[in-house]
Structure formats: structure tokens, C-alpha cells
Amino acid sequence: MGSIFQITCDGAFFNRCLDCFLGKVANTSKLQDNLVALETELGKLIAAKNDVMMRVVNAERQHLRTLDQVQVWLSRVEAVETEADELKRHGSQEIDKLCVGGYCSKNCASSYKFGKQVAKKLRDVQTLIDEGVFAAVATEVVPERAPEPVADERPTEPTIVGLQSQLEQVWRCLVEESVGIIGLYGMGGVGKTTLLTHINNKFLESPTSFDCVIWAVVSKDLRLEKIQEDIGKKIGLVDDSWKSKSVEEKALDIFRSLREKRIVLLLDDIWERVDLTKVGIPLSGPKNTTSKVVFTTRFVDVCGSMEADKKFQVACLSEEHAWELFRKKVGEETLESDHDIVELAQTVAKECGGLPLALITIGRAMAFKKTAEEWSHAIDVLRTSASEFAGLGEKVYRLLKFSYDSLQNETIRSCFLYCCLYPEDYGILKWDLIDCWIGEGFLEESDRFSAENQGYYIVGTLVHACLLEEMEDDKVKMHDVVRDMALWIACEIEKEKRNFLVCAGAGLKEAPDVKGWENVRRLSLMQNQIKTLSEVPTCPHLHTLFLASNMELEMIADGFFQFMPSLKVLKMSRCWNFQLPVGMSDLGSSLELLDISHTTIRELPEELKLLVNLKCLNLRWTGALIRIPRGLISKFSRLRVLRMLGTGGFIFYEAPEDSVLFGGGEVLIQELLGLKYLEVLELTLGSYHALQILLSSNKLKSCIRSLYLYLTGDKKSIIDATAFTDLNHLNELWIDNGIELEELKIDYTEIVRKRREPFVFHSLHLVTIYSCHKLKDSTFLAFAPNLKSLSLFKCRAMEEIISVGKIAENPEMMGHISPFENLKSLDLSYLPELKSIFWKPLPFTHLKEMGVRACDQLRKLPLDSNSAKERKFVIRGEEDWWNRLQWEDEATQIAFRSCFQPDS
């Protein structure tokens, strides 16, 4: 019995082993066939899934509801699809291991395990295909409750004053254009969130193809988890288990939920780049508009870092819209209560500078103020101490201060606050502002060019943060409310550290009591009607003093500066009638910047030689300055910047022998050669000989930024403009009273040979030529690609601005020349022989204004239908001249008709 039992057991065991072996062989030998079948069946499953998804979408649009089992089936399909893709990816690698016709493997265990997984996945796919018939039918069940709206309505005022057109623009981008990411930028309180809210609510009013609109607030403290939570709540992911997941896991869940949907994500108040892939947002490509993102920010730079396809600036309201919003907040009852109130209310509204938040805050505060006296008082408070006005400090300035607080470092914050020393709506020259920042010590000055570059970077940072506004002519300005906020910070919030006293543009006829100056660090009395400064103040901490634009200032007391031991920056420009007081030498150990530009000052006192730390001296447009003592300039041994454009230019030949201006500036140039640290030079010269001395010095050529040639009495008929090509930093060139000047000669062949390029005057931005009566052309300008402003005045022999004949002498140049591509302003006056600006039409991409006066022979402008395509520039001139013009064709004439404004 024992032996029979043993045989029976061994036979059963053998059969089981054989079955097991054959199963393994089957999984291995059929691996390649199973992989092909898996790919085929998977395609059928994906097609079935897409059919079901389409039915789901259609059901939702018809307010039908699908069974929960359908969603479970779709989730299972997604999981199997992912797993099958993974098996397919490793399939070729496993097939390569097979041998003996597929019945054996180099790694039997691995091949058997993989083959078993493929066979099982094939069965799973086939099972899901069979269940898909049920899923397709189950999508047509009538809902038990109404579907979720595409967006959650957010509270806002029913109308948006002044933003309607921008709302329509953004809406078109969302529903019509192939735009994935849209940025809305602007200063705090300007209405960005209001605009975004109306965009959100518009999805409830206007049918679109989007499945879901999600709102998330980002704010200054960026947390991806907070954004994910807002998204998760909207799409039904948030529960206790989901909250415990990592950012990466949540991102994957969000991505899986949204990748098949058309969504709009609205992100409010972004301060830095949000990595949308880390949030889980399926991003669109240029032609794939499945997802749309709209965000608001205070910084235009964020639009770049977010890779916005389109950006829109949300600007302050026009005067008309500002008044409309303000009167709504004040109410008609109040405005009609006194016949004087409307006019006063308009003045109050203007003080808000079109900023909606300020208009709303002040408008609400003034509602039911029904006497003219109350409104007059409000105007006084807003003009003198705006932060004390009800609600402004708490509601408006604190909101704006977030932008200030977010600036990168203390240097940029100091530079920003410095701008409030200028009056309201004042156009601040960028280079002038940077001079002051350097003089104050905000910027490192070991290398002037690096310091200037840093200054321009800071200006750009403040513009991009919407804390400064860009203007024409290389200027910036502060919005009125931003300026008030800056004063609030400097004079109240950070008083101990900053301590500003600002009375700029206040209409003062007398200076404020000097007793209040004692602890001040920065003081501005700019743009007032102060006639005398008769008291001597004590200001041990004063660094900056602005006295500029006091046109009526006649007298500053002798010794006025004796108790200002820390004064670094002194600006007295545009004070027409004063002379420098005795005692300027008291500033010798501290003063670094002295600005007496645009004044009628006639001489510089000898005692200025004691300003041994002076680094920047601005004498621009001091045309009456006749005496600068010989040896004075050379005493400023630390001078880095000397601005003498238009200095003494009209009286060179009256200058006494002991003045550096004597002899047309030759003495001055000799003194300049001894200034070791000089880096920036603006100069006026009265003779061609002085110019030659200048051009013989590599040191001075590297410094020159602006050059004014006043050539009265000089017999030179030809000036070799080729020499100017070595002035690599020349920005401005003025040529005046070249009575005998016949040609500004330039050797084009030599230029090309040396430079191997057609353009050589790269830095030249402004050219003005006056009263050069024999000059026939200014062809050298064809080689100034960045020219922005050109004025030609009283050049009686000028026939062409760019001479076709001179250019034609060098045929290889003809194809390269297309002048005035960056020109913004062109002024042609009293050129009776002028016949041509250029011989063919020019694009004039940046032109803002063209003025033509007394140019009777100019019968054709270099314009055609492709010139200045947006037609935004103005052409000023006499109507008779305009009517005689000849045009390329009638279409061009019609196109530019609206640009013409006749001189009155």
C-alpha cells in the first residue's frame, strides 16, 4: 500500500507541476501577442471612455446627472490606462530577453512575472470594455439636484465706472482668442480686483464653453497649499484625507481632475511668480486653450515671470470717469444742497488723481457734508496733511504701503521716498534724480557708469511696481496719492529714521519758520514764491535741500549755510534773480552736489574752491554766466560730473581774461585735463579750435555726454563730423550760429572700413542746429540710429536733411540706411530752401510730433500707407503749406489728414 500511495501522490504532484510549468510557458510564449492585444484593446477602452466623457459633458450641459458608478468606472479606466502604459513602455525590453522561439528566457522569473502582469491587465481592460456599455447608458439619468454653476458669484457693485471697455477687452481674450495667460497690472487701489470680480461674474451672465471658473486669492505671503485648497473646494476634492496630502500629491489630484476640462483660473493679488505646474494646473500651449489663467498684480515684472501671453494695465480713471464715480459716492442730495459745493467737490475729486480707492474713500467721507465751508476745509486738509483726512491713512495709504514694503531693499525704499521731495505732477528727469541719489550716498560711486546703471535699474523697478509713472523726454513722476503716501511714510510712519519736511509746490511766499528745520534730514521748498531767505537756520542733520524753482527768489542771507555741516545735495536751479550768498565755503567738507542750472547767475565766487568734496556741479543753461575764475574748476579735485551745456554760450566773447570761458573755452579744457576723477562732461565751446583740443584728449572724449558748439565769429566752413564718431557717449549735440559753416563732413568709406557697420552715432539722442545759414544738409544723421529729437532752425541754405547724392557716392550703404527709426520729435522751422527730408517713405514707428514752419519748398513728406501705422503723431504747420503737399497716393493723404493740426 505504501508504494502504491507513493506513486499516486507523485503522479498528482507531477500533473500540478506540469500545469504550472505550462502556464508559465504560456505567459512567456504569448507575451508578444498579449502586448499587441493589450494595445488594441486599450485603444477600444479609451474610445469607450471618450464616448462616455462626451455623454457626461452633454448631460451636465442639459442639467442631467450621471450615476456615481459612472465616475467610479472612469476613475478605474484612468488607473488601468496608466498601468497599461507602464507595461507597454517596458514591453520591448522584456521581449528582448526571450529565446528558444519565445518558450524560454534569459531571466525566466522576470519574464514569467511580466507576462503574468500583461495577461492580467488584458483581462482587466476587456472587463472594463464590457462595463462601458452600462456606463454610456448611465449618463442619461435625470438629476436629483441642479448642477453647480460654472462660477461662484462674488459680491461687487453692479456697475464699474471707467473699466467697462477693459472688461470687454479681457473678455474677448478669454472667449475668442488663443491666449492662455492674461495679466492685469496696476498700482494698489486702482480697481484690479474689481475688474477681476466682474470677469468672474460675467461667466454667470454669458454662456461659454468653459466647465469651471475657479477664484483664488494669492496675496503677498505666497502659499501653494492655500491656492490648492481654493481649487480643491471648487472641484470637490477637499476632505480630511485630502488635506493631509503633500503639495505634490494634491497637484497630481488637481491635474487629473482638470486635464480633460476647460477651466478658467482667476488669481487675485500676485506678488511673485506662481508655479502653476506645482499647483496642478494643466497649462495651455499657444494653440491649446483648454485652460485660461487671469491674474492681478501690482508689478508689471510679474507679468513677465508668469509668461503672460497678454497684459493689460489697469490705469487710474480719466477726469470724467473719476468725477462720475466720486459724485455717486457723495450722492446727489449733498451736491445739490449748496450751489458752491459742486465746484468744490470737483476740486476734491481732482486731488484723488483718478485713483478709485481714494475717490470712494473720500467720497463716502464727504457724503452729507452740506456746507461749502466743510468742503473748503477738506481741500485744505488734502493739500497740506492728507493723511489726516478720514480714512485715507488707514484705508488707502496702508494698502499702497504694501508695495513700498515689498521693495527689495532699503536702498530702493530710500530712493522711492526721495521722489516725494518734488512737487505734485512734477516731471523728474531720470538722470537728475540719479545725480541726487548718488550725491546722497544711496548708490555706490566707485564707478560712475555702474552707479548710473544701478540708478536706472531702481527707476525701472519703481515704474514696474507702479510707484512711479513713466513720462516722455526721459522723465518720471509720482501719482498724487502715491506721493501723499510717501510723505506719510517719511514724515509720520518712519519719521525718526527719515524726517522729511516737504513744502514743495505749496504756494509759499515766505519760508517756514527755521526753528522747525533743526532735526530735518531732507527739506524741500521747491516751486514756491519765496523772495528772501533772510534767517540763518541751524540744521545739523540736513542732507538734502531743494530751493529750486523759486522764480522770485532774490536774496539768500550771507552765512545761510554756515550751520549745515552735513549738507550733501543743494539744488537751486530755476531761481532766476538771485546770486550766491557769501559763506558757501561753509559747505566745503560735506557738499557733493551743487545745482544752479537754469539761472541768470553771472559769476561764480572764488570761495567755491573750498568745496573740496564737490563731485557733481550742474551749470546747464546758465547763459548769463560770464565769469568762472581761472583755476576754480581745477580746484574741484574730486569732481566726477560737470554739466556746462549752454553755459556762457551767448557771451563767450565778453568773458573777461580771468574767466575760464575766455577764448571760447580753451582755458576751460586745459583745466578739465587735470581732473583725475572726471567721468561725465557736458560742455559748451565757442570755437572750432577749442573743439580740436577737446577731440585730441582721449580722457575728455570718453567723458563727453553733451556738446554745444556756439560758433559766432568762427570762420570755419567745414567741420569734420567723422571725429564725433569717437565720442561714444555723446547724447546731445547743439550747433549754433555757424555763420560760415557750409558742411558737416563725414567720411562714410572710412567709417565703414574702421567700424565695419553703417551706424556709428549709437548714443546720439538729440540734435539741434540753429542759424547755420550756409549749411545745405545734415546727412551725418543717417548714421544715428537712436536719434529721438531733431530740430533745425534758421538754416537758410538747407536743401536736404539727408542728401541722396552723398549717400549714393557709397552704393554699398544705400541698402543699410533707414534713418529716424526711433525719432519721436522733428521740428523744422525757417528753412526756405528745404525740399526733402528723405528721398523715400520712412516707417516713423515712434514719431509723436512733426512741426513744419516756413518751409515753403517742402512739398512732400517721406510718408506712405505703411508709415506710422497707428497714426498717433501730430503734424503741425501752416494750413496753406499742408494744402500744397504732394502725396504718394490718395490713400496716404486720407490716412494722415487726421494727424494735421494747423498753427494758430
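Leu611 CG to Arg638 CZ: the interatomic distance, rounded to the nearest 0.5 Å, is 12.5 Å. Residue Leu163 holds its CG atom at 9.0 Å from NE2 of His321, rounded to the nearest 0.5 Å. The distance from atom CG of Asn618 to atom CD1 of Ile596, rounded to the nearest 0.5 Å, is 8.5 Å. Rounding to the nearest 0.5 Å gives a distance of 7.0 Å between CZ of Arg521 and NE2 of His543. Separating the CZ atom in Phe389 from the CD atom in Glu351 is a distance of 10.5 Å, to the nearest 0.5 Å.
For the residue pair Asp275/Thr277, the side-chain donor-acceptor check at 3.5 Å is satisfied. When only modelled atom types and interatomic distance are considered, His464 and Asp301 share a side-chain donor-acceptor pair under 3.5 Å. Under 3.5 Å, the side chains of Glu492 and Ser387 contain a donor-acceptor pair of N or O atoms.
Taking the six-membered ring where the residue is Trp, Phe844 and Phe873 present tilted rings, their angle falling between 30° and 60°. Ring geometry for Phe416 versus Tyr404: interplanar angle of 30 to 60°, hence tilted.
Remark: side-chain polar atoms of Gln166 are paired, donor with acceptor, to backbone N or O of Gln313 under 3.5 angstrom. In this structure, Thr361 contributes its side chain and Ala358 its backbone to no donor-acceptor pair below 3.5 Å. Checked by atom type and distance alone, the side chain of Asn728 never pairs as donor or acceptor with a backbone atom of Ser702 at under 3.5 Å. Asp595 places no side-chain N or O within donor-acceptor distance of the main-chain N or O of Ser573, the cut-off being under 3.5 Å. Lys192 places a side-chain N or O within donor-acceptor distance of the main-chain N or O of Gly186, the cut-off being under 3.5 Å. With hydrogens and angles disregarded, no donor-acceptor distance shorter than 3.5 Å links the side chain of Thr197 to the backbone of Thr156. Side chain of Lys292 to main chain of Cys173: a donor-acceptor pair is present (N/O by atom type, distance under 3.5 Å, no hydrogens or angles). Between the side chain of Asn528 and the backbone N or O of Asn550 there is no donor-acceptor pair closer than 3.5 Å. A donor-acceptor pair under 3.5 Å links the side-chain atoms of Arg273 to the main chain of Ser305, judged by distance alone. The backbone N or O of Gly353 sits less than 3.5 Å from a side-chain atom of His479, completing a donor-acceptor pair.
Judged as a ring pair (Phe, Tyr, Trp, His ring centres under 6.0 Å), and not counting sequence neighbours, the contacts of Tyr426 are Tyr422. With sequence neighbours excluded, the residues forming a ring pair (Phe, Tyr, Trp, His ring centres under 6.0 Å) with Tyr397 are Trp488, listed by chain and number. Listed by chain and number, the residues in a salt bridge (Lys or Arg N to Asp or Glu O under 4.0 Å) with Lys278 amount to none (sequence neighbours excluded).
Put simply, the residue from Leu594, Leu421, Thr544 that forms a side chain to side chain contact (heavy atoms under 4.5 Å, CB included) with Val569 is Thr544. With Leu267 as reference, Leu276 is the one residue of Val279, Leu276, Thr297 to meet the side chain to side chain contact (heavy atoms under 4.5 Å, CB included) rule. Here the options are Arg448, Lys430, Arg640, the test is salt bridge (Lys or Arg N to Asp or Glu O under 4.0 Å), and the partner is Asp435; only Arg448 passes. For the pairing with Glu440, the salt bridge (Lys or Arg N to Asp or Glu O under 4.0 Å) check across Arg522, Lys615, Lys571 returns one residue only, Arg522.
A salt bridge links Arg498 with Glu410; the closest basic N to acidic carboxylate O contact falls under 4.0 Å. Using a 4.0 Å cut-off between charged side-chain N and carboxylate O, Lys475 and Glu469 make no salt bridge. Using a 4.0 Å cut-off between a side-chain N of Lys or Arg and a carboxylate O of Asp or Glu, Arg620 and Glu682 qualify as a salt bridge.
Inter-residue side-chain proximity for Thr411 and Leu443 is flagged as met; some heavy-atom pair is nearer than 4.5 Å. For the pair Glu679 and Asp447, the minimum side-chain heavy-atom distance is below 4.5 Å.
Residue Lys401 places its NZ atom among more than 12 non-hydrogen atoms of other residues, nucleotides or ligands, all under 6.0 Å distant. The neighbour count for Gln529 CD, taken as heavy atoms of other residues, nucleotides or ligands under 6.0 Å away, is above 12. In this structure, Lys395 places its NZ atom where only 12 or fewer heavy-atom neighbours from other residues, nucleotides or ligands lie under 6.0 Å away. Atom CD of Glu320 sits in a sparse spot, with 12 or fewer heavy atoms from other residues, nucleotides or ligands closer than 6.0 Å. Open room surrounds CD on Glu307; 12 or fewer heavy atoms of other groups in view lie less than 6.0 Å from it. Within a 6.0 Å sphere centred on OH of Tyr677, other residues, nucleotides and ligands contribute 12 heavy atoms or fewer. Heavy atoms of other residues, nucleotides or ligands lying less than 6.0 angstrom from NZ of Lys220 number more than 12.
The two residues Leu645 and Trp734 make their nearest non-hydrogen contact at CD2-NE1, 3.7 Å. Listed here is the closest heavy atom pair of Val680 and Arg643: CG1-NH1, 4.0 Å. Of all the heavy atoms in Asn786 and Asn822, the pair that sits closest is OD1-ND2, 3.5 Å. Closest non-hydrogen pair, Glu470 versus Val463, comes out as OE1-CG1, 3.7 Å. Shown here for Ala345 and Phe326, the closest heavy-atom pair between the two residues is O-CE2, 3.5 Å. Nearest approach of Cys303 to Gly183, heavy atoms of both residues: SG-CA, 4.1 Å.
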Open item on the list: Walk me through whether Ser706 and Glu732 qualify under side-chain hydrogen bond (donor to acceptor under 3.5 Å, both in side chains).
Closed with: CA-CA 5 Å; Ser706 303; Glu732 299 175 275; 2.6 Å; yes
Task: Chi angles and distances behind the side-chain hydrogen bond (donor to acceptor under 3.5 Å, both in side chains) call for Asp268, Thr296 - done: CA-CA 5 Å; Asp268 190 31; Thr296 67; 2.6 Å; yes
Task: Residues Glu424, Lys350; criterion salt bridge (charged side-chain N to carboxylate O under 4.0 Å, His left out); working and verdict - done: CA-CA 12 Å; Glu424 278 188 7; Lys350 287 177 184 176; over 6 Å; no
Open item on the list: Go through it in stages, so that I can follow the logic: the residues are Arg574 and Ser549, the test is side-chain hydrogen bond (donor to acceptor under 3.5 Å, both in side chains), and I'd like the CA-CA distance, side-chain angles, deciding distance and then a yes or no.
Closed with: CA-CA 5 Å; Arg574 291 181 169 83; Ser549 298; 5.2 Å; no
Open item on the list: For Val502 and Phe546: C-alpha separation, side-chain torsions, deciding distance, then whether side chain to side chain contact (heavy atoms under 4.5 Å, CB included) applies.
Closed with: CA-CA 9 Å; Val502 181; Phe546 281 12; over 6 Å; no
Open item on the list: With side chain to side chain contact (heavy atoms under 4.5 Å, CB included) as the criterion, how do Leu617 and Phe636 come out once you've worked through the C-alpha distance, each side chain's angles and the decisive distance to 0.1 Å?
Closed with: CA-CA 9 Å; Leu617 177 59; Phe636 301 137; 3.9 Å; yes
TODO: Start with the C-alpha distance between Tyr708 and Thr647, add both sets of side-chain angles, then the distance that settles side-chain hydrogen bond (donor to acceptor under 3.5 Å, both in side chains), and finish with yes or no.
DONE: CA-CA 9 Å; Tyr708 195 121; Thr647 299; over 6 Å; no
